[in-house]
Amino acid sequence: MSESETNADVPPYRYTAAMAAEIEPRWQDFWSGHGTFHAPNPTGELADPGHPRAGAPKLHVQDMFPYPSGAGLHVGHPLGYIGTDCYTRYKRMAGYNVLHPMGFDAFGLPAEQYAVQTGTHPRITTEANVERYRGQLRRLGLAYDERRSFSTTDPEYYRWTQWIFLQVFHSWFDPSDGRAKPIEVLVAQFEAGERETPDGRPWAELSGVERRQVINDYRLAYVSEAPVNWCPGLGTVLANEEVTPDGRSERGNFPVFKRSLKQWMMRITAYGDRLVDDLDTLEWPEPVKLMQRNWIGRSRGANVDFPVEVSGAAGGSVISVFTTRPDTLFGATYMVLAPEHALVDSVVPAAWPEGTREAWTGGHGSPAEAVAAYRAQAAAKTEEERTADGKVKTGVFTGAYATNPVNGVRIPVFIADYVLAGYGTGAIMAVPGQDARDWAFAEVFELPIIRTVEAPDGFDGAFTGDAPAINSEWLNGMGVADAKAAMIAWLEEHGHGTGATTFRLRDWLFSRQRYWGEPFPIVYDETGLPVALPDSMLPVVLPDTDDFSPRTFDADDEHSEPETPLSRKKDWVTVELDLGDGPRVYTRETNTMPQWAGSCWYELRYLDPHNNKVLVDPENEAYWMGPRDAADCGGVDLYVGGVEHAVLHLLYARFWHKVLYDLGHISSFEPFRKLFNQGYIQAYAFRDARGVIVPAEEVVERAGKWYHGDQEVAREYGKMGKSLKNVVTPDDMSEQYGADTFRVYEMAMGPLDVSRPWDTRAVVGSQRFLQRVCRLVVDEDTGAVRVTDEPLDPATRRVLHRTIDGVREDMDELRFNTAIAKLIQLTNTLTPLATTSREAIEPLVLMMSPFAPHLAEELWRKLGHPDTLAYADFPVADPAQLVAESITYPVQVNGKVRGRVEVAPDTTEDAVRAAALESVAEALAGREPRKVIVVKGRLVSVVV
């Protein structure tokens, strides 16, 4: 309704927000009551042989499920949800059995922090938030199979999260086969003497505890006393991925410190090669694949051993380095250890070797003093500061020398902060001729620079390109690839190194010192070693408590010790259990799993959500997610979500999925076959003269300027959110315009994968489109249906079928904005006609239904159809109507268009040639053409 209209002006049967408010809940109740969007399984409780799509081709579409916050949804959140809903409604009508579910990722830190602040149990707030989200999603008419919905906090859900953890715990990775196997296979190898124990003793001579310790070192889920990211301000340990580049917590922005703590880890690094290689099987955006490849950081090269001497005496130490460029070994003129490297203390001599340059000592009287001072200096820097390309390189000489194994040259060993302990071996062979950072360091410390790859004439600085090897004895003249292979072979033959692959990826830190998470299905016996609970004892239910908060500390107190909320539940922590050898007292694990755990496998639970016997019935899994053929990876057919999850969630989910595949629980080796990243909704925000954000809904425009009250404010542009006070909710839009109008507007704003600006004033355009469609069916004044059975005229029929053809193509490719544009054009073509023909209006209503499903159902019913249109056949274009009536050929003479000729589509090439020559007769001026080339359907080229 325009601003000038009053309620008295509105015809009684016009489509308005008031009419939408009556129509929409009624159809939502109908769909729910009739199970309209229930998808039948092949077998089990959810099988339905009488379903209209039973036995049809399947389509599994999934959204990245939301974390249900107390703030509810704003209009940016459901952009992807509406997109997948439109797509799946279309595909269901096109004949597919569509699985489109929605659940809730409900464990995690925000709910726990809210509980700490308010004293309300996180389960209470989480369940309230979930119900609010369900209501908001229902109001938008999203066609989910509600039988398959769940929250990750449901004990019957996290029972299987715990079960999967135990599958990982009971597995090891066999590098000879490149896959996970049950731990029993490993035990059998030790028992049979096929695998040697770490200290060489026969398996039978090891005590029971010693055997358990050996096996635990192989498990894919293991406890490690390892360097972790300790955040005193949050009172918890964080994964590397949860720490910002400047060394602070992603949530809360607290300082993070490296500490050694006993934590659960997942051996995701064992899957590094497969996680990289299998990206080639996925239909994912290339930028996302690149982000995953960079995060995994696979490097192929060689491990090389450099013997170390200290003060001229032969020492027993060897510095092992990994290099991706073993072909450049002849150019290694010094070595660098990370300041934290374990070998530093053992190689530092009592005094500076004779001839040590002053610039190498940092002004200190002994190597020990220099190393201690430099270590303190490096410890005060973040990793980002240490590795910044533009900074001046710093370091000190350790006083030790190493021997380059390929030529026997003694080279000095430095420590420098641009080498990090957590990457590779924490040591490098420095080849300044081929590495820019090494070149910069060599210039500062006046170290030799030897080129081992021929740089172009006049080239200055480190050369990293491919060119023949030089200054490298037997490698001279070889290209980089051949020189690498030759050097690796030489190293292995002479015992100085081996070919190797390393990864930037680190094992996944899986412990959190939190309350609101999945308990581990692990207890500890009197040895302190972990014991897995049997499946029959799952789920291990999270106990109730009023004390939700981990103990937090001063944000800078790096020496503080974690104290988890569950550790204070003494009656839960100490438990008597019979695990097969009589009742014994055990201690429960008091850490909880990270929030990632529940989202690592939820795509599988949707398939068989009530199965309490197995994770998923094999027949249901194979139907919904199995490979299409031998070359296919399987997985969800379409997975839609934000690019912000490009690395962590997707990487962790792929890892768990591959373990389950290796163990034979599922048939697909990737969880998500096709990925689509939707864009963001952005909105204007406004600041007053003080720079303070003011509520966007209170700002008005006057004469091209923006005012908050009487004060002029400045407009800016940003992602919609609470911080910019520019939130618009879907509830507001549904109330003001109706959910269908909101859906059409969001889909019409632009391509789904592109961020777009929100403009509430523009929503009325989508409402007017729906009003025009309504007017084609119903008289606004009387409510009478005005559709006739008169056939369309030939020209309008062609427009109709071209629209059908274009809309189907757009829907298949998720081009919803252009599909809506075509429907608007068709509506505009039909509007001036004297009558509305059923031949046109029924296809229009069906094509509109994915975008405006409530109104489409209402119109479909008025058109005389008693059943829902959800399973009506989506219109199919008549090929005869797509054939053009004529084709216009541009006619070029010597490359310039000199005429045009219009002919029937079936005109022969000779006839086209003759007509073309006639059309350019004046331009030819009697000259005889040397060639006349007819490009069928496109152009005629005349050469004279």
Side-chain angles (χ1 to χ4, degrees), residues 1-31 75 82 85-86 89 138-142 730-749 760-788 816 819-833 835-838 840-865 868-870 872:
M1 182 170 60
S2 70
E3 293 181 8
S4 63
E5 282 182 321
T6 66
N7 288 335
D9 297 324
V10 179
Y13 295 96
R14 173 169 293 176
Y15 178 70
T16 62
M19 183 182 290
E22 188 276 322
I23 291 173
E24 290 170 358
R26 176 156 47 82
W27 279 105
Q28 291 158 14
D29 289 342
F30 176 92
W31 295 329
V75 295
I82 295 172
D85 190 67
C86 294
R89 283 177 177 274
R138 173 187 165 94
R139 189 171 186 179
L140 294 176
L142 300 176
D731 302 38
D732 293 338
M733 289 296 97
S734 296
E735 187 171 336
Q736 292 177 39
Y737 297 97
D740 281 343
T741 295
F742 170 65
R743 289 170 57 108
V744 170
Y745 175 66
E746 286 228 335
M747 294 299 96
M749 290 169 73
T760 298
R761 295 172 303 173
V763 177
V764 71
S766 297
Q767 185 183 51
R768 287 171 179 158
F769 159 58
L770 297 181
Q771 288 172 341
R772 288 197 298 274
V773 175
C774 279
R775 277 196 289 271
L776 290 172
V777 179
V778 177
D779 186 288
E780 287 188 339
D781 293 312
T782 67
V785 175
R786 52 188 301 269
V787 177
T788 72
F816 305 127
I820 291 171
K822 290 178 175 67
L823 295 178
I824 292 173
Q825 290 171 358
L826 175 60
T827 302
N828 293 342
T829 299
L830 299 177
T831 297
L833 301 181
T835 60
T836 302
S837 170
R838 184 177 297 274
I841 196 61
E842 290 198 348
L844 173 59
V845 169
L846 291 173
M847 288 188 287
M848 183 185 79
S849 67
F851 305 108
H854 311 88
L855 179 57
E857 290 274 26
E858 190 74 6
L859 296 177
W860 192 244
R861 184 65 57 92
K862 288 183 181 298
L863 288 167
H865 300 280
T868 172
L869 55 62

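Residue numbers count from 1 along this sequence. Computed from a prediction, not measured in an experiment: that's the story for all the values here.
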For a side-chain contact (heavy atoms from CB on, under 4.5 Å) check, start with the C-alpha distance between I82 and F816, then their side-chain angles and the critical distance, and finish with the verdict.
CA-CA 10 Å; I82 295 172; F816 305 127; over 6 Å; no
So, taking the atom named [atom1] in [X] and the one named [atom2] in [Y], what distance separates them when rounded to the nearest 0.5 Å?
X: L140; Y: E24; atom1: CG; atom2: CD; result: 9.0 Å
X: Q767; Y: T16; atom1: CD; atom2: OG1; result: 7.5 Å
X: Q28; Y: W31; atom1: CD; atom2: CH2; result: 6.5 Å
X: L859; Y: H865; atom1: CG; atom2: NE2; result: 11.0 Å
X: S766; Y: E746; atom1: OG; atom2: CD; result: 10.0 Å
X: C774; Y: D779; atom1: SG; atom2: CG; result: 12.0 Å

Indicate yes or no: at least one non-hydrogen side-chain atom of E735 is less than 4.5 angstrom from one of D731.
no
Going by heavy atoms in the side chains, are L855 and M19 under 4.5 Å from each other?
no
Please report the shortest heavy-atom distance between [X] and [Y], naming the atom on each side.
X: P25; Y: A20; result: CD-O, 4.0 Å
X: M847; Y: L826; result: CE-CD2, 4.0 Å
X: L869; Y: S849; result: CD1-CB, 3.6 Å
X: F769; Y: V744; result: CD2-CG1, 4.2 Å
X: V787; Y: S837; result: CG1-C, 4.1 Å
X: C86; Y: R743; result: SG-NH2, 3.9 Å

In sequence, state the C-alpha distance, the side-chain angles, and the governing distance for R772 and L776, and then conclude on side-chain contact (heavy atoms from CB on, under 4.5 Å).
CA-CA 6 Å; R772 288 197 298 274; L776 290 172; 6.0 Å; no
With sequence neighbours left out, which residue pairs that include part of residues 855-864 fulfil the salt bridge (Lys or Arg N to Asp or Glu O under 4.0 Å) condition?
R26-E858
For D29, the side chain to side chain contact (heavy atoms under 4.5 Å, CB included) test, sequence neighbours excluded, returns R138
Applying side chain to side chain contact (heavy atoms under 4.5 Å, CB included), can you list everything that pairs with M733, at least two apart in sequence or on another chain?
V75, V728, Q736, Y737, F742, W758, T760, V763
For T868 and W860, run side-chain contact (heavy atoms from CB on, under 4.5 Å): C-alpha distance rounded to whole Å, both residues' side-chain angles, the deciding distance at 0.1 Å, then the answer.
CA-CA 8 Å; T868 172; W860 192 244; over 6 Å; no
By the definition side-chain contact (heavy atoms from CB on, under 4.5 Å), identify the one residue from T829, I824, T831 that meets it with T827.
T831
Exactly one of R775, Q771, R786 clears side chain to side chain donor-acceptor pair (under 3.5 Å) with E780, and that residue is R775
Checking F30 against H854 for the side-chain contact (heavy atoms from CB on, under 4.5 Å) test, could you report, in this order, the C-alpha distance in whole Å, the side-chain angles of both residues, the deciding distance, and whether it holds?
CA-CA 10 Å; F30 176 92; H854 311 88; over 6 Å; no
